[in-house]
2 protein chains.
Amino acid sequence: MSGTERDDDAVFKALADPTRRVLLDALFDRDGQSVQSLCERAPGMTRFGVMKHLEVLESANLVTTRKVGRQKLHFLNPVPIQQVADRWIGKYAQPFTRALVDLQADLEHRTA
Amino acid sequence: MSGTERDDDAVFKALADPTRRVLLDALFDRDGQSVQSLCERAPGMTRFGVMKHLEVLESANLVTTRKVGRQKLHFLNPVPIQQVADRWIGKYAQPFTRALVDLQADLEHRTA
DNA sequence: ACCATAGGTAACCATTTGGTCACATGTCAA
DNA sequence: TTGACATGTGACCAAATGGTTACCTATGGT
């Protein structure tokens, strides 16, 4: 796997868990939150579970952190998502593709 | 989890595996391929491994199938990807967001 | 100095996942 | 109808994942 492919893979894998997506959403709502604060978004899960998810997000470069006093603040970094969207998802989601898909679906429906 | 959230989750999880992304790319290149044909895209993996991945893609509704004679043809369905992109990824990848992100990154760099 | 608070480490566990193998089914063609 | 070919099923296995608990470190307030 090339470098960007490996990076993309980490991003895809990081996005594959609903808790992690919730955490990203939380940071989208309010950036720079502490672990404690983020735990509120994952009720019924211990702080350690949340921390593990945050580690995954951090190593996929989707969140960056900064220690302030005794708390660790988490910042959203959407750039990897944008890159993945640009060079992979866009290929499937572009209007051109969409038109083709609609046409194909129509044809399949007729011949079915 | 609501219905669409569960669907989105299946799509995210399906996209989390590199082999499955390769299979989608293969169908993007040439639609309507058989299992055999798709196996060529995953060298070093048995037909059964490929079949399992195809099942995952199918149950996430990313590929649809049609039996023709003794072979099963696979068709790409990008719609779920488009939906996920529209209602989740777009939020992070829109130009507006991108501008905010760049600004934030700049500020953080200055204060660091 | 002290204690409460915020976070970190490591061991551990259950489940899911990615993958294989052995075998079964269905279909075409001679 | 027999054999080759394409796909399906189920058992099975190793590794990764998601999560917990017990304990440790560091910081801030009083």
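The model shown is predicted, which means the values in this text are computed figures rather than measured ones. Residue numbering restarts at 1 for every chain, and letters A, B, ... go by the order of the sequence lines.
Here the C1' atom of nucleotide D/dA16 and the CG atom of B/Asp17 are 12 Å apart, to the nearest Å. In this structure, the NZ atom of B/Lys13 is 15 Å from the C1' atom of C/dG18, given to the nearest Å. Across the protein-nucleic acid pair, B/Gln36 atom CD and C/dT27 atom P stand 16 Å apart, rounded to whole Å. Nucleotide D/dC5 holds its C1' atom 13 Å from the NZ atom of B/Lys67, rounded to whole Å. The distance from atom CD of A/Gln33 to atom C1' of C/dA6 is 15 Å, rounded to the nearest whole Å. In this structure, the CE atom of B/Met51 is 8 Å from the C1' atom of D/dT9, given to the nearest Å. B/Arg66 places its CZ atom 19 Å from the P atom of D/dA6, with the value rounded to the nearest Å. In this structure, CG of B/Leu54 is placed 11 Å from C1' of D/dT7, rounded to the nearest angstrom.
Contact check for B/Leu15 versus B/Val84: no side-chain heavy atoms found under the 4.5 Å cut-off.
A/Asn61 and A/Pro80 make their closest contact through O-CG, 3.3 Å (heavy atoms, listed as atom of the first residue, atom of the second, distance). Across all their heavy atoms, A/Phe28 and B/Lys91 have their closest contact at CD2-CE, 3.3 Å. Of all heavy-atom pairs between A/Trp88 and B/Asp25, the closest is NE1-OD2, 3.7 Å.
Mapping B/Phe48 and B/Lys52 onto DNA chain C by nearest heavy atom places B/Lys52 closer to the 5' end of the strand. Remark on DNA chain D: of its neighbouring residues A/Arg20 and B/His74, the 5'-side contact belongs to B/His74, judged by nearest-heavy-atom nucleotide. Comparing B/Ser34 and A/Ala16 against DNA chain D, the residue whose closest nucleotide sits nearer the 5' end is B/Ser34.
Between B/His53 and C/dG19 there is a side-chain polar atom (N or O) within less than 4.0 angstrom of OP1 or OP2. Contact annotation: A/Lys72 reaches the phosphate of C/dG8 (side-chain N/O to OP1 or OP2, under 4.0 Å). Taking only side-chain nitrogens and oxygens, A/Thr46 comes nearer than 4.0 Å to OP1 or OP2 of D/dT20.
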Run the side-chain hydrogen bond (donor to acceptor under 3.5 Å, both in side chains) check on A/Glu58 and A/Thr65 step by step: do they pass?
-> CA-CA 8 Å; A/Glu58 196 172 351; A/Thr65 62; 3.1 Å; yes
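If you check every strand for non-hydrogen atoms under 4.0 Å, B/Gly69 touches sugar and phosphate atoms only.
Residue side chain A/Arg70 reaches the base of C/dT5 through a donor-acceptor N/O pair under 3.5 Å, judged by distance alone. The base of C/dG19 lies outside donor-acceptor range of the side chain of B/Arg47, with no N or O pair under 3.5 Å.
In this structure, the separation between CD on A/Gln33 and NE2 on A/His74 is 10.0 Å, given to the nearest 0.5 Å. Interatomic distance, A/Arg47 CZ to A/Leu54 CG, rounded to the nearest 0.5 Å: 11.5 Å.
The nucleotide whose nearest atom lies closest to any side-chain atom of B/Met45 is, among D/dT7, C/dG8, C/dT20, C/dT20.
Of the options A/Arg87, A/Lys13, A/Gln83, a side-chain hydrogen bond (donor to acceptor under 3.5 Å, both in side chains) to A/Asp8 is made by A/Arg87 and by none of the others.
Summary for the helix from C/dA1-D/dT30 to C/dA30-D/dT1: the axes at its two ends, each from 5 pairs, differ by 30° when rounded to the nearest 10 degrees.
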